[in-house]
Amino acid sequence: MIKVLFFARYKEVLKQEQLQLQWQAQWQTLGDIRAHLVQQGGPWSVLEDPGIMCARNQDMCRLDTAVQDGDEVAFFPTVTGG
Amino acid sequence: MIKVLFFARYKEVLKQEQLQLQWQAQWQTLGDIRAHLVQQGGPWSVLEDPGIMCARNQDMCRLDTAVQDGDEVAFFPTVTGG
Amino acid sequence: MISIQVQTAPFDSGQLTAAVHGGNLAVGAVVSFTGYVRDFNQQKQVHGMFLEHFPGMTEKSLEQIAHEARQRWPLQSVQILHRVGELEQGEPIVFVATASAHREDAFNACAFIMDYLKTRAPFWKKEQTAAGSHWVDGRASDQAAATRWQQDSKDSP
Amino acid sequence: MISIQVQTAPFDSGQLTAAVHGGNLAVGAVVSFTGYVRDFNQQKQVHGMFLEHFPGMTEKSLEQIAHEARQRWPLQSVQILHRVGELEQGEPIVFVATASAHREDAFNACAFIMDYLKTRAPFWKKEQTAAGSHWVDGRASDQAAATRWQQDSKDSP
């Protein structure tokens with residue numbers, strides 16, 4: 001299982017802040033998880049945002065960062081704190 | 001007349017914090033005033049300090065800044081505030 | 001000493017600044033930064049804002065940023081406080097302070113922390129305007145500011 | 001708003017920092033610098049110090065420095081406070097704060113003011129050590145720090 005979190009604009013557009021995904025053997029990176037979600041169509045296209053940021057187990061990472069079963073991943077828009 | 005002020009180490013070495021000088025027609029710059037004082041010998045050699053700084057009428061200036069009768073000039077070591 | 005706080009309550013940047021020296025006689029310089037909600041941003045009149053964050057990751061990322069600053073510059077203390085939730089015009093949002101023997105290190109470390117915080121800590125601002133509320137866009141200038149620290153030298157860019 | 005103070009009395013950098021925002025809703029960033037008497041300087045244990053200055057010229061030079069900062073960066077306020085006379089270990093010596101819409105301007109202006117103050121304002125430190133008292137030498141690094149602002153650009157060096 002993979003836990004996926006969404007924040008800010010993504011959370012609003014998707015009308016959910018987290019979901020669980022059954023692990024799929026062909027997944028290698030966070031980009032693969034994103035592609036899986038985007039292909040569901042409709043509001044999921046929000047994740048095609050070129051400014052998308054992501055985290056793996058609460059560490060900022062890149063879409064080409066490796067992912068494995070049991071991870072918590074998060075997708076969110078460019079951060080704007082400070 | 002020219003009023004001359006000294007600060008910090010110079011004031012201590014010279015044992016005075018100000019003096020008045022009769023204006024001399026050949027003086028053109030603060031460097032000329034310094035040379036006049038240095039030639040008095042003894043403790044006045046303190047003004048040969050290569051790090052000497054100076055001010056004319058309370059504005060920081062250089063030894064080649066022009067001086068005229070009635071000015072207040074000041075000589076002091078490199079500043080060390082802050 | 002590193003202190004990280006994430007809270008909804010307002011804070012007094014004065015009290016925080018005064019505490020950063022902490023009676024440590026090796027500290028020669030304290031630099032503090034306080035960020036405030038402005039009334040005008042990106043061509044819009046702003047009445048207030050909501051700050052969302054990623055609980056858990058927020059604290060972790062701020063600690064990593066503080067540790068990275070301590071690796072780059074000799075610092076006696078680093079303090080980071082960031083508010084979340086509802087904020088009004090003129091209220092302080094974020095406070096960062098650094099203490100060091102010398103001013104150059106304190107200035108560079110404080111600016112570095114702000115630049116990294118702006119681009120790497122999971123906070124999102126939603127501004128309230130007369131026309132409704134909207135999520136603030138990331139600024140290219142913030143990305144550029146953070147990039148200037150990515151050279152090998154620990155010195156000022 | 002420019003505020004310049006030269007005084008013997010101690011000050012609370014916290015209170016000063018809190019006052020710099022001043023309820024001005026255009027202010028997005030306040031950067032403050034506080035300098036303290038360290039217990040150790042230039043290889044010597046320091047117990048306290050005496051700060052001499054040039055009354056009249058001191059205030060004038062600090063105002064010139066503040067004005068120059070306002071010409072270089074858009075600032076809502078500049079505050080400079082410098083103590084003179086007897087100071088003890090751990091006591092604050094100098095406070096500089098700048099308020100601006102954006103953090104880069106506030107950071108640059110505050111660092112600029114400190115660099116200029118260190119090299120252009122008529123203050124002299126006499127340190128008290130176990131071996132007696134001595135006038136502090138000017139530091140080449142302070143001259144270098146001030147020189148970096150002498151380019152045509154108003155941007156960060």
Greatest number of non-hydrogen atom pairs under 4.5 angstrom with chain C, of D:A26, D:S141, D:A111, D:G28, falls to D:G28

Taking every non-hydrogen pair under 4.5 Å, which of D:V20, D:D115, D:V46 racks up the most with chain C?
D:D115

Among D:Q89, D:E104, D:Q15, which residue forms the greatest number of heavy-atom pairs with chain C at distances under 4.5 Å?
D:Q89

Between C:L16, C:V27, C:D12, who has the most heavy-atom pairs with chain D when the cutoff is under 4.5 Å?
C:V27

Heavy-atom closest pair (D:M57 atom, D:P122 atom, distance to 0.1 Å) is CG-CG, 3.8 Å

Greatest number of heavy atom pairs closer than 4.5 Å to chain C - which of D:A99, D:A101, D:A106, D:S13
D:A101

Sort out for me which of C:A19, C:P92, C:A97, C:C110 touches chain D most, counting heavy-atom pairs under 4.5 Å.
C:C110

Atom group of C:A145 that falls short of 4.5 Å from chain D, counting heavy atoms:
side chain

Ring-face cation contact, D:F107 with D:R103, 6.0 Å cut, 45° max:
no

Going by side-chain contact (heavy atoms from CB on, under 4.5 Å), C:V94 matches just one of C:L117, C:L81, C:T34. Which one?
C:L117

Side chain D:R83, main chain D:T8, donor-acceptor under 3.5 Å
yes

Checked D:G90, D:S32, D:G23 vs chain C; the most non-hydrogen pairs under 4.5 Å come from D:S32

Correct closest heavy-atom pair for C:Y36 and D:A29 would be CD1-N, 4.5 Å

Heavy-atom distance under 4.5 Å to chain D: side chain of C:N24, backbone, both or neither?
neither

Counting N and O atoms only, with roles assigned by atom type, does the side chain of C:R72 sit under 3.5 Å from a partner on the main chain of C:A109, one being a donor and the other an acceptor?
no

Does atom CD (D:Q7) have a neighbourhood of more than 12 heavy atoms from anything else shown, all under 6.0 Å?
yes

